[in-house]
J.: 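I'd like to ask some things about the structure below.
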Amino acid sequence: VLPRISTNISVYDVEPESNPLTLFLQSIDKFGALAANTLVLPSHGKPFRGLHTRIAQLHAHHRDRLAEVMQACSASPCSGADILPVMFKRPLDLHQTTFAMGEAVAHLHTLWFEGRLRRQLGGDGVPMYSA
């Protein structure tokens, strides 16, 4: 759990059918059993308190991103690349695009695993997601 940014949650080539966003959200919920004033020692940033608030913020952040992805896929079928400008409003360099693509696919997979999106391979072999 990071204090200011969200952890990169991506689908990787070694597990192309994974559902990492759902697993991440389930895993951070396990911290709810800790005291509200628990000192958090993140891998990036300074130690902080307020773990329960941060978990709620992360859930809200991903809920908002999932809603944006769902809206885009309801308008027309989308690939992971189509979702990049939906989730990331600023220009991305090559390094950032690599991380962003993994995150876009992770959000698509969550909606697909939940049965809210359908997935079909396009004529070019690229997975397309639609509502």
Side-chain angles (χ1 to χ4, degrees):
V1 177
L2 303 175
R4 292 187 333 267
I5 62 173
S6 61
T7 302
N8 178 267
I9 302 154
S10 291
V11 171
Y12 294 102
D13 59 341
V14 295
E15 291 186 288
E17 302 297 317
S18 65
N19 189 7
L21 179 56
T22 297
L23 294 174
F24 172 76
L25 294 172
Q26 290 171 348
S27 73
I28 63 174
D29 284 344
K30 293 177 182 179
F31 292 127
L34 297 173
N37 67 345
T38 296
L39 179 63
V40 180
L41 306 173
S43 58
H44 298 293
K46 295 181 179 182
F48 69 97
R49 295 186 191 275
L51 178 61
H52 296 172
T53 298
R54 186 63 183 136
I55 290 169
Q57 291 169 344
L58 289 168
H59 272 280
H61 167 78
H62 288 293
R63 187 172 44 252
D64 292 347
R65 299 298 78 73
L66 289 166
E68 292 171 349
V69 170
M70 190 70 199
Q71 183 177 12
C73 293
S74 294
S76 65
C78 294
S79 67
D82 295 329
I83 295 301
L84 291 179
V86 172
M87 291 182 60
F88 303 94
K89 310 300 186 218
R90 66 191 188 323
L92 301 172
D93 63 27
L94 181 60
H95 180 73
Q96 293 166 330
T97 299
T98 302
F99 287 108
M101 181 61 82
E103 288 223 22
V105 175
H107 284 73
L108 287 164
H109 275 203
T110 291
L111 295 167
W112 176 50
F113 274 92
E114 289 176 354
R116 295 167 61 194
L117 291 180
R118 292 181 305 278
R119 183 176 81 170
Q120 289 185 284
L121 290 182
D124 57 1
V126 173
M128 301 296 289
Y129 298 82
S130 60

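Any value given below was found using the heavy atoms of this structure, including those in side chains, with hydrogens, waters and symmetry copies removed. Given the structure is predicted, the values throughout are model-derived calculations rather than measurements.
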J.: Kindly compute the distance separating CE (M101) from CZ (F88), expressed to the nearest 0.5 Å.
T.: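 Atom-to-atom, M101:CE and F88:CZ are 10.0 Å apart.
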
J.: Given Q71 and V86, is the side-chain contact (heavy atoms from CB on, under 4.5 Å) satisfied, shown in steps?
T.: CA-CA 10 Å; Q71 183 177 12; V86 172; over 6 Å; no

J.: So how far is it from M87 CE to L92 CG, rounded to the nearest 0.5 Å?
T.: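 Between M87 CE and L92 CG, I get 10.5 Å after rounding to 0.5 Å.
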
J.: How about F31: does its CZ atom have over 12 heavy atoms from other parts shown lying under 6.0 Å from it?
T.: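 Open.
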
J.: Counting neighbours of CD on E15 that are heavy atoms of other residues, nucleotides or ligands and sit closer than 6.0 Å, is the number greater than 12?
T.: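 Result for CD/E15: open.
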
J.: With heavy-atom distances below 4.5 Å as the criterion, would you say the side chains of H61 and R65 are in contact?
T.: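 A side-chain contact under 4.5 Å exists here.
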
J.: If I compare all heavy atoms of L34 with all of H52, which pair ends up nearest, and what's the gap?
T.: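 The answer is O-NE2, 2.8 Å.
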
J.: So, taking the atom named CG in N19 and the one named CZ in F113, what distance separates them when rounded to the nearest 0.5 Å?
T.: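 Those atoms lie 5.0 Å apart.
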
J.: Could you state whether M128 and L108 fall into the same hydrophobic cluster, counting links through intermediate Ile, Leu, Val, Met, Phe, Trp or Tyr residues with side-chain heavy atoms under 4.5 angstrom apart?
T.: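 Not linked; separate clusters.
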
J.: With a sphere of 6.0 Å drawn around CD of Q96, does it hold more than 12 non-hydrogen atoms of other residues, nucleotides or ligands?
T.: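 Counting other residues, nucleotides and ligands, CD of Q96 exceeds 12 neighbours.
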
J.: Classify the angle between the aromatic ring planes of H62 and F24 as parallel (below 30°), tilted (30 to 60°) or perpendicular (above 60°).
T.: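 Correct class here is perpendicular.
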
J.: Is any side-chain heavy atom of T110 closer than 4.5 Å to a side-chain heavy atom of V69?
T.: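 With C-beta onward as the side chain, the pair stays apart.
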
J.: Which pair of non-hydrogen atoms, one from S79 and one from V126, has the smallest distance, and what is that distance?
T.: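 Closest approach of S79 to V126, heavy atoms only: CB-CG1, 3.8 Å.
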
J.: I need the R4 CZ to R54 CZ distance, nearest 0.5 Å.
T.: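 R4 CZ to R54 CZ: 9.5 Å, rounded to 0.5 Å.
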
J.: Of the non-hydrogen atoms in A131 and R118, which two are nearest, and what is the gap between them?
T.: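 Of all heavy-atom pairs spanning A131 and R118, the closest is O-NH2, 2.7 Å.
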
J.: Are I55 and L23 in one and the same hydrophobic cluster, where Ile, Leu, Val, Met, Phe, Trp and Tyr link if side-chain heavy atoms are under 4.5 Å apart?
T.: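 No, I55 does not connect to L23 through the hydrophobic network.
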
J.: Which heavy-atom pair separates A106 from L21 by the least distance, and what is that distance?
T.: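 A106 and L21 have their closest heavy atoms at O-CB, 4.1 Å.
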
J.: Shortest non-hydrogen contact from V11 to P16?
T.: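 What the structure gives for the nearest pair is CG1-O, 3.7 Å.
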
J.: With sequence neighbours left out, what residues match R116 under salt bridge (Lys or Arg N to Asp or Glu O under 4.0 Å)?
T.: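 For R116, the residues satisfying salt bridge (Lys or Arg N to Asp or Glu O under 4.0 Å) (neighbours in sequence not counted) are E114.
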
J.: Please report the interatomic distance CG(L66) to CG(L111), rounded to the nearest 0.5 Å.
T.: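 It is 5.0 Å, given to the nearest 0.5 Å.
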
J.: Just verifying a value: how many Å separate T22 OG1 and H109 NE2, rounded to the nearest 0.5 Å?
T.: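 The distance works out to 11.0 Å.
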
J.: What is the minimum heavy-atom distance between F48 and P3, and which atoms define it?
T.: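 Nearest heavy atoms, F48 then P3: CD2-CB, 3.5 Å.
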
J.: I'd like to know if L2 and I9 are part of one continuous hydrophobic network [Ile/Leu/Val/Met/Phe/Trp/Tyr, side-chain heavy atoms within less than 4.5 Å].
T.: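 Different hydrophobic clusters.
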
